[in-house]
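Note sheet for the following structure.
The chains referred to below are lettered A, B, ... by the order of the sequence lines, with proteins before strands, and numbering in each begins at 1. The structure displayed is predicted, hence computed values, not measured ones.
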Number of protein chains: 2
Amino acid sequence: MFISKTSEYALRILTYMALNNETQFSAQSLYAELDIPKRYLMRLLTDLSKSGFIKATRGRNGGYVFARPLETIYFSEIIDSVEGLLPFEGCVLGNAVCPVDKPCAMHQIWEKPKQAFLETIKTTTLADLLL
Amino acid sequence: MFISKTSEYALRILTYMALNNETQFSAQSLYAELDIPKRYLMRLLTDLSKSGFIKATRGRNGGYVFARPLETIYFSEIIDSVEGLLPFEGCVLGNAVCPVDKPCAMHQIWEKPKQAFLETIKTTTLADLLL
DNA sequence: ATAATATAATACCCGTAAGTATTAATTTAT
DNA sequence: ATAAATTAATACTTACGGGTATTATATTAT
Ligand code: SF4
Ligand code: SF4
């Protein structure tokens, strides 16, 4: 629930591709492996392609391959491309503008889990899955 | 974005009440202080009342007061009453059933932020805001 | 050339969270 | 008693994330 369902899907897809280093992955084969609604999966693949994580080739024997080295693809970038990172970096209480001059009592309490989350997604790449 | 907007509202309300220990809070006064849509706020107050966090008295000079000592109200219980905790405790990748026998590469990576979050909400009470 | 097989684009539908509106019930000041 | 002030209940509306359907485009085997 930390991230949106679509972000989860994106991570599932790219994780699978990273771990099963085949020459190419068709939407069909990904559908067979991952538990994601087919049409939604296909649309997501197009999005991930436009975002530059993977590269598509159409037509017979078409499919997807990574467009960049795994070491350069951070989780944060994936999540950012799907749903944006702003909500994760802002106020935990959802205050548009911090209503108090000095950080409120809540701020400190949430600092740890918030930083742990940001730290994780900003320092982990798909290559780290192979370790 | 970790928690739903409604959970954020609930925390905002109860945090405000805890920090400004007045004898009683009317929906009107809470509306004036917190940036929450009025009608939605009123409905939420009724919900929080039914959940047993606060106690309502109707009629003229009515309003809300805490129904229990602050030390007994954990964040986890608040969030639980609004949106449930299951999504936070399950698979980070959103897999209904863990598809692999042994924990996948993702599992370990997310363990820290996930535990930090659960740890925080399960050990913090409204009373901790007063420290 | 044609048919088969793949991704791309676009528009639509659905369920749920968020927000609004209306009316009822309760208490108290006068 | 009556009116004012408050919460409660219920139903409706809106926005959006998630999901579906249809058609277009590209590639290649034959
Ligand atoms: S100090 Fe409080 S209101 Fe301001 S950003 Fe931190 S949690 Fe939000
Ligand atoms: S091992 Fe992987 S699939 Fe299983 S619960 Fe953990 S993250 Fe989810």
Side-chain angles (χ1 to χ4, degrees), chain A residues 1-13 17 22-32 34-67 79 81-84 86-87 93-94 96, chain B residues 1-13 17 22-32 34-67 79-84 86-87 93-96:
Chain A
M1 189 52 110
F2 293 94
I3 58 182
S4 74
K5 209 165 184 177
T6 307
S7 285
E8 289 175 357
Y9 289 164
L11 288 178
R12 286 238 278 285
I13 294 167
M17 288 180 64
E22 298 169 15
T23 52
Q24 199 180 218
F25 302 82
S26 68
Q28 192 57 239
S29 69
L30 290 172
Y31 171 66
L34 311 169
D35 186 34
I36 304 174
K38 187 163 181 182
R39 293 176 189 276
Y40 199 62
L41 165 66
M42 293 182 68
R43 222 181 48 180
L44 225 192
L45 285 167
T46 301
D47 290 346
L48 292 174
S49 182
K50 278 197 279 196
S51 298
F53 300 115
I54 54 182
K55 192 168 41 183
T57 56
R58 300 208 232 187
R60 227 180 224 237
N61 303 330
Y64 302 91
V65 294
F66 278 106
I79 295 172
S81 82
V82 173
E83 57 175 316
L86 275 69
L93 289 183
Chain B
M1 190 50 108
F2 293 92
I3 58 181
S4 74
K5 211 166 184 178
T6 306
S7 286
E8 289 174 356
Y9 288 164
L11 288 178
R12 285 239 279 285
I13 294 167
M17 287 178 65
E22 298 171 16
T23 53
Q24 197 180 221
F25 301 83
S26 68
Q28 191 57 241
S29 70
L30 290 171
Y31 171 67
L34 312 168
D35 187 36
I36 303 173
K38 187 164 179 181
R39 292 177 188 277
Y40 199 63
L41 165 66
M42 294 182 67
R43 223 182 47 182
L44 226 193
L45 285 168
T46 300
D47 289 346
L48 292 174
S49 181
K50 279 198 277 198
S51 296
F53 300 116
I54 54 182
K55 192 168 41 181
T57 57
R58 302 208 232 187
R60 224 180 228 232
N61 304 327
Y64 301 92
V65 294
F66 278 107
I79 295 171
D80 191 18
S81 82
V82 173
E83 59 176 312
L86 275 70
L93 289 184
N95 284 319

Side chains of A:Lys5 and A:Glu8: does their closest heavy-atom pair fall under 4.5 Å?
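They are in side-chain contact.
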Q) Quick one: are B:Ile13 and B:Ile54 in side-chain contact, heavy atoms under 4.5 Å? A) no
A:Phe66 atom CZ: more than 12 heavy-atom contacts under 6.0 Å: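 Counting other residues, nucleotides and ligands, CZ of A:Phe66 exceeds 12 neighbours.
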Minimum-distance nucleotide (side-chain atoms of [X] versus [options]):
X	options	result
A:Arg39	D:dT20, C:dT28, C:dA8	D:dT20
B:Arg58	D:dA8, C:dT7, C:dA18	D:dA8
B:Tyr64	D:dT28, D:dT7, D:dA9	D:dT7
B:Met42	C:dG19, C:dT7, D:dT7	D:dT7
B:Arg60	D:dA5, D:dA21, C:dT22	D:dA5
B:Ser26	D:dT6, C:dA9, D:dT28	D:dT6

Drop me the distance from [X]'s [atom1] to [Y]'s [atom2], to the nearest 0.5 angstrom.
X	Y	atom1	atom2	answer
B:Asp35	A:Leu93	CG	CG	12.5 Å
A:Asp47	A:Tyr40	CG	OH	8.5 Å
A:Leu41	A:Thr46	CG	OG1	9.5 Å

Would you say [N] has OP1 or OP2 under 4.0 Å from some side-chain N or O of [X]?
X	N	value
A:Thr6	D:dG17	no
B:Thr46	D:dT7	no
B:Tyr9	C:dA18	no
B:Asn61	C:dA29	yes
B:Ser4	C:dA17	no
B:Lys50	D:dA9	yes

May I have the distance from [X] (atom [atom1]) to [N] (atom [atom2]), rounded to whole angstrom?
X	N	atom1	atom2	answer
B:Glu83	C:dA18	CD	P	8 Å
B:Tyr31	D:dT6	OH	C1'	17 Å
B:Ile3	C:dA18	CD1	P	11 Å
A:Ile36	D:dG19	CD1	C1'	13 Å
A:Asp47	D:dG17	CG	P	13 Å
B:Lys55	C:dT26	NZ	C1'	17 Å
A:Leu44	D:dT20	CG	C1'	14 Å
B:Ile54	D:dT7	CD1	P	10 Å

DNA chain D nearest-nucleotide lookup for B:Gly59 and A:Gly59: closer to the 5′ end is B:Gly59
Taking for B:Lys5 and for A:Ala56 the nucleotide of DNA chain C with the nearest heavy atom, the one nearer the 5' end belongs to A:Ala56
Discussion item. Once hydrogens and angles are ignored, does a donor-acceptor distance under 3.5 Å link the base of D:dT10 to the side chain of B:Arg43?
Written reply: no
Would you indicate what A:Lys38 reaches in the nucleic acid, counting non-hydrogen atoms under 4.0 angstrom: base, sugar-phosphate, or nothing? nothing
